[in-house]
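Order of the sequence lines sets the chain letters (A, B, ...), proteins ahead of strands, with each chain counted from 1.
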Amino acid sequence: MTLTDTLQTSFKTVVSYRVRSLLIILAMALGVAAVVVLTALGDGARNYVINQFSSIGTNLLVVLPGRAETSGSFLGAVLGQTPRDLTLKDAQLLGRLPQVRRYAPLNVGAAELSAANRLREVTVLGSTANLIPIRHMKLAQGSFLAHGTERNAQIVLGAKIANEFFPRSQAIGQRVRLGDNRFLVSGVLASQGESMGFNTDEIVIIPIDYAQALFNTTSLFRILIEAKSHSEIESAKQAILATMRQSHDGEDDTTVITQDAILATFDRVLQALTLAVAGIAAISLIVAGILVMNVMLVSVNQRTAEIGLLKAIGATSTDIRRLFFAEAVWLSLAGAILGFLLGQFGSLMLRLAYPQLPAWAPAWASIAGILVALITGILASLLPASQAARLDAVKALGKK
Amino acid sequence: MIRLTAITRTFHMGDQAVYALNDINLHIASGEYVSIMGPSGSGKSTLLNIIGLLDKPDGGSYEMDNRLITDLSETEQAQIRREKIGFVFQSFHLVPRLTAAENIELPLILSGMPSAQRQSLVNDALQAFELKERAHHRPAELSGGQRQRVAIARATIMHPSVILADEPTGNLDHQIGAEVMLLLENLHHTGTTLIVVTHDRELGLRAHRQIGMRDGKILTDQTDDAH
Ligand SMILES: Nc1ncnc2c1ncn2[C@@H]1O[C@H](COP(=O)(O)OP(=O)(O)OP(=O)(O)O)[C@@H](O)[C@H]1O
Ligand SMILES: [Mg+2]
């Protein structure tokens, strides 16, 4: 029996057992579709988080006081030391490092903003003009602290706050009161919405000196640093740590977090999540495989007389085994293709329902889903096929 | 062309042995027309199955065309079934989901013949067995006689040298049965060896050689001189 005839004959058989075949194909397809949709969801979530996180800066390093490693802080705690604060002087020192393109010191707090008979509490960022480019913020109008004018009592309003306080008039040029000080509105941030749980539409930004005065502190909350290039991030980190060690009398009490490292961690965690979800979905494929095996065993039983007849007219055991095997191939192939299409359709629906979620199934998941479907279907057919091939011709013919 | 020597076939039912064939010695020459008769359970079907290589004897030897069959591999035996032997069964054994034409085509597919060639042979067979109008009907839509004609067309499409028919008229009424016998006898007239198992004495006597069986043994073996 030729391969073409085997494929054709088994294809006809699959078509003629319409309902049974459709049920198997559907079971297979749902498994594959589950793999595709769930990995699309997982990978979409991963890409979403990474995009969000990438959007807050490029080649970003964050310097914060204290050591992240437990051993250091434990020793510090035993010796009764508290980590030294970061200061503006530290920030200026770091800014001079060759790997650093620009830096922005940062303080964060809350204060009451009042103007035009309105009053509300706002989140206040204290920084320099560089904060805007480092954090990839955009000004809708105006400017913030043109270089060299860091001591001006200027304030930048978040989009929502500007709209709240000055709904009808131009915000720029207006005077507002923050705490006990008066500020001149010099810019309005473009609306960006929430990013990483931080809504830039509801903040105000003032020069760092004013912020330190407002919060009555000489220390900094963070220093944001942008490395000159991606390849210089690691050396920038080492240089920052060395500089801080020197300025803190040889004490390693500063932590540098790179955007890259956080991204990599997110990436790993979410990738693992996607894999786990794909694995769970793949279990449904195994279940479908067991279904295929069961249905084919029943089919061999029902077609016993036919198998006996085929042997009587000269089919070899190999012919019979291949016929049943080919049936499984057709069924799993159809199931895999249908499942892939269903999965793509499901992913499309997800993207339509949640436009911010890039729910595209990764290629590896689609390929793995299809392969697992084919392999389970084919493995599941081995037992029924060899059972059919081994049937005793005389007994098989005798069966009605 | 068929030579059975000291063939035995024993079935074991629990601790009881059934001697379905007990020391069978038989020679059938090419082109003979043989009927096998005997009471139920006498071993007629078992003998036919062994001649048709569907069953293996427990003892003895089987030669076909001077080749020792008993030693051949499973694949070689399948090839002999495909090329030299045509089976006709009492219950037709058509594949229910295939049309008449497709059922007739099955042995050709198994032999690996290209499709175009198959179609022309199937058409000839449909013509010869007056099944042209029924070519695309499934077995369920055919009468008993038509079903047996399809089965005979299938059994002969490879031009086998032996036709083995186990009660070919058992499921047919007398008139239709006689027509089916005529078809088989026509094949015999073209030189095919014909071996028919039957309960029907009248049909059995039409053969040129009648073998009578009882309890797994050949009791009588009679050749008509007239033929
Ligand atoms: N697979 C089997 N298992 C056990 N015993 C069997 C088997 N096949 C046949 N037999 C026994 O072998 C003996 C011969 O059976 P066989 O079918 O050859 O008889 P038969 O002459 O064809 O009978 P019938 O006219 O009823 O078809 C019977 O006693 C039968 O019960
Ligand atoms: Mg019988």
Side-chain angles (χ1 to χ4, degrees), chain A residues 1-22 295-296 298-327 330 385-386 388-400, chain B residues 9 11 20 45-56 72-99 102-115 118 138-139 151 153-158 160 164 166:
Chain A
M1 200 167 180
T2 65
L3 180 64
T4 325
D5 286 329
T6 305
L7 290 175
Q8 238 166 41
T9 307
S10 54
F11 184 80
K12 273 199 224 158
T13 310
V14 166
V15 171
S16 64
Y17 289 107
R18 205 162 297 132
V19 177
R20 173 193 299 176
S21 300
L22 278 181
V295 170
M296 291 202 61
V298 171
S299 174
V300 169
N301 199 32
Q302 283 177 345
R303 281 149 69 188
T304 300
E306 173 188 333
I307 294 162
L309 177 269
L310 285 176
K311 289 201 163 182
I313 61 176
T316 61
S317 299
T318 313
D319 289 334
I320 308 243
R321 189 179 300 113
R322 285 194 186 141
L323 277 172
F324 278 88
F325 184 73
E327 274 180 43
W330 283 123
S386 80
R390 274 204 312 268
L391 276 179
D392 178 77
V394 176
K395 280 191 197 148
L397 279 166
K399 206 182 148 181
K400 254 283 90 186
Chain B
R9 179 72 171 105
F11 292 105
S45 294
T46 306
L47 178 60
L48 210 64
N49 289 336
I50 282 178
I51 294 174
L53 306 186
L54 283 182
D55 198 4
K56 283 190 177 59
L72 294 182
S73 73
E74 200 252 350
T75 315
E76 288 167 316
Q77 296 201 5
Q79 189 185 355
I80 292 180
R81 284 202 296 274
R82 198 157 63 224
E83 292 172 357
K84 295 197 170 171
I85 297 166
F87 272 102
V88 178
F89 303 95
Q90 176 176 0
S91 52
F92 321 128
H93 278 303
L94 301 180
V95 179
R97 55 169 195 282
L98 299 183
T99 64
E102 287 167 335
N103 267 288
I104 296 171
E105 192 185 3
L106 274 177
L108 302 179
I109 293 178
L110 290 174
S111 77
M113 184 183 285
S115 177
R118 296 202 301 254
R138 284 170 215 283
R154 181 181 64 195
T156 54
I157 190 95
M158 292 285 289
L164 303 175
D166 196 345

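- For Val95(B) against Asn103(B), the heavy-atom pair with the smallest separation is N-OD1, 2.8 Å.
- Contacts between residues 10-18 of chain A and chain B, defined by a heavy-atom separation under 4.5 Å, are made by Lys12(A), Thr13(A), Ser16(A), Tyr17(A).
- Residue Arg138(B) does not touch chain A at all, counting heavy-atom pairs closer than 4.5 Å.
- Every residue was checked against the salt bridge (Lys or Arg N to Asp or Glu O under 4.0 Å) condition with Arg321(A), not counting sequence neighbours, and none meets it.
- Chain B forms more heavy-atom pairs under 4.5 Å with one residue of Asp392(A), Thr316(A), Thr2(A), Ile313(A) than with any other, namely Ile313(A).
- Heavy-atom distances place the side chain of Leu309(A), and not its backbone, under 4.5 Å from chain B.
- For a residue to count as touching a neighbouring chain, one of its non-hydrogen atoms must lie under 4.5 Å from one of that chain's; by this rule Asn49(B) touches chain A with the side chain only.
- A distance of 4.5 Å separates CD1 of Ile109(B) from CZ of Arg118(B), quoted to the nearest 0.5 Å.
- The aromatic rings of Phe89(B) and His93(B) sit perpendicular to each other, their planes meeting at more than 60°, with 30° as the lower class boundary.
- Arg81(B) contributes no side-chain N or O that, together with a main-chain N or O of Gly52(B), makes up a donor-acceptor pair within less than 3.5 Å.
- Neither the backbone nor the side chain of Thr6(A) comes within less than 4.5 Å of any heavy atom of chain B.
- The residues Arg303(A) and Glu327(A) are annotated as salt-bridged, a charged nitrogen and a carboxylate oxygen being separated by less than 4.0 angstrom.
- For the options Leu164(B), Thr46(B), Leu110(B), heavy-atom pairs under 4.5 Å to chain A are most numerous at Leu110(B).
- Under a cut-off of 6.0 angstrom, the local environment of CZ in Arg322(A) is sparse, with at most 12 non-hydrogen atoms contributed by other residues, nucleotides or ligands.
- Using a 4.5 Å cut-off between heavy atoms, Met158(B) does not touch chain A at all.
- Taking every heavy atom of both residues into account, Arg154(B) and Ile157(B) meet most closely at O-CG2, 3.3 Å.
- At distances below 3.5 Å, not a single donor-acceptor pair connects side-chain atoms of Lys84(B) with backbone N or O atoms of Gln79(B).
- Between the side chain of Lys311(A) and the main chain of Leu391(A), a donor-acceptor pair closer than 3.5 Å is present.
- If you measure heavy-atom distances from Gln77(B) to chain A, you find no contacts under 4.5 Å at all.
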